[in-house]
Amino acid sequence: LSLMRIEFLVTENDYLQNTQIQSQVKQAKRFYGNRNLEDCENLLLEILENSRENAEALRLLVRIYFERNDFVKICQYI
């Protein structure tokens, strides 16, 4: 059993980027809530260009594609 703890150094730039991504996710949720699905989709795709593993963005994007019955695009993101 090892008691060594490994952490990744979070730089100020990483913190600012994460804060910006979270702000964009919130905006995408507002778009979705207002049924502005095209803007929501575009913003989510932009988020995923910078943060490919963002679970919230992926989940919301797949939900949009599900509502549109676009199963081919769903398969690209799951």
Side-chain angles (χ1 to χ4, degrees):
L1 177 68
S2 174
L3 299 177
M4 185 168 48
R5 180 176 171 176
I6 299 174
E7 294 183 22
F8 294 100
L9 178 63
V10 177
T11 64
E12 184 175 341
N13 189 37
D14 292 336
Y15 176 77
L16 292 174
Q17 184 178 15
N18 288 338
T19 302
Q20 179 184 13
I21 289 170
Q22 289 305 317
S23 175
Q24 288 177 315
V25 169
K26 286 180 184 179
Q27 180 63 40
K29 287 180 179 180
R30 280 187 228 111
F31 283 149
Y32 182 81
N34 293 331
R35 306 306 296 164
N36 189 347
L37 300 183
E38 184 144 343
D39 286 340
C40 183
E41 177 186 9
N42 292 334
L43 183 54
L44 291 169
L45 291 171
E46 182 182 326
I47 292 166
L48 292 172
E49 284 179 15
N50 299 319
S51 180
R52 187 79 178 139
E53 302 296 321
N54 188 297
E56 287 181 282
L58 285 168
R59 188 177 308 115
L60 191 53
L61 186 61
V62 168
R63 184 181 298 164
I64 290 170
Y65 292 150
F66 183 78
E67 290 177 8
R68 292 179 181 166
N69 294 322
D70 193 342
F71 301 110
V72 173
K73 285 188 179 178
I74 290 173
C75 290
Q76 292 175 349
Y77 289 97
I78 60 170

Could you tell me whether the side chain of Y65 reaches within less than 4.5 Å of the side chain of E41, counting heavy atoms only?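 They are in side-chain contact.
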
Kindly indicate whether the side chain of Y32, heavy atoms from C-beta on, has any atom under 4.5 Å from the side chain of L44. no

Quick check for you: to the nearest 0.5 Å, what is the distance between [X] atom [atom1] and [Y] atom [atom2]?
| X | Y | atom1 | atom2 | result |
| --- | --- | --- | --- | --- |
| R30 | K26 | CZ | NZ | 7.5 Å |
| Y77 | L60 | OH | CG | 13.0 Å |
| Q22 | S51 | CD | OG | 8.0 Å |
| S23 | N18 | OG | CG | 12.5 Å |

How about CD on Q76, more than 12 heavy atoms from neighbouring residues, nucleotides or ligands closer than 6.0 Å, or not?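 Count over threshold, so yes.
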
CZ (R52) with more than 12 external heavy atoms under 6.0 Å: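 No, the 6.0 Å shell around CZ holds no more than 12 heavy atoms from other groups.
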
May I ask you to decide if the ring planes of F66 and F71 are parallel, tilted or perpendicular, using 30° and 60° as cut-offs?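 If you compare the ring of F66 with that of F71, the planes turn out perpendicular.
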
Is there a continuous path of hydrophobic side-chain contacts, each under 4.5 Å between heavy atoms, that joins I64 to I78? yes

Here's a test for you: under side chain to side chain contact (heavy atoms under 4.5 Å, CB included), which of I47, L61, V25 qualifies with E56?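 Only match with E56 under side chain to side chain contact (heavy atoms under 4.5 Å, CB included): V25.
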
Shortest non-hydrogen separation from [X] to [Y] and the atoms involved:
| X | Y | value |
| --- | --- | --- |
| A28 | C40 | O-SG, 3.2 Å |
| N54 | L48 | O-CD2, 4.0 Å |
| L37 | E67 | CD1-OE1, 4.0 Å |

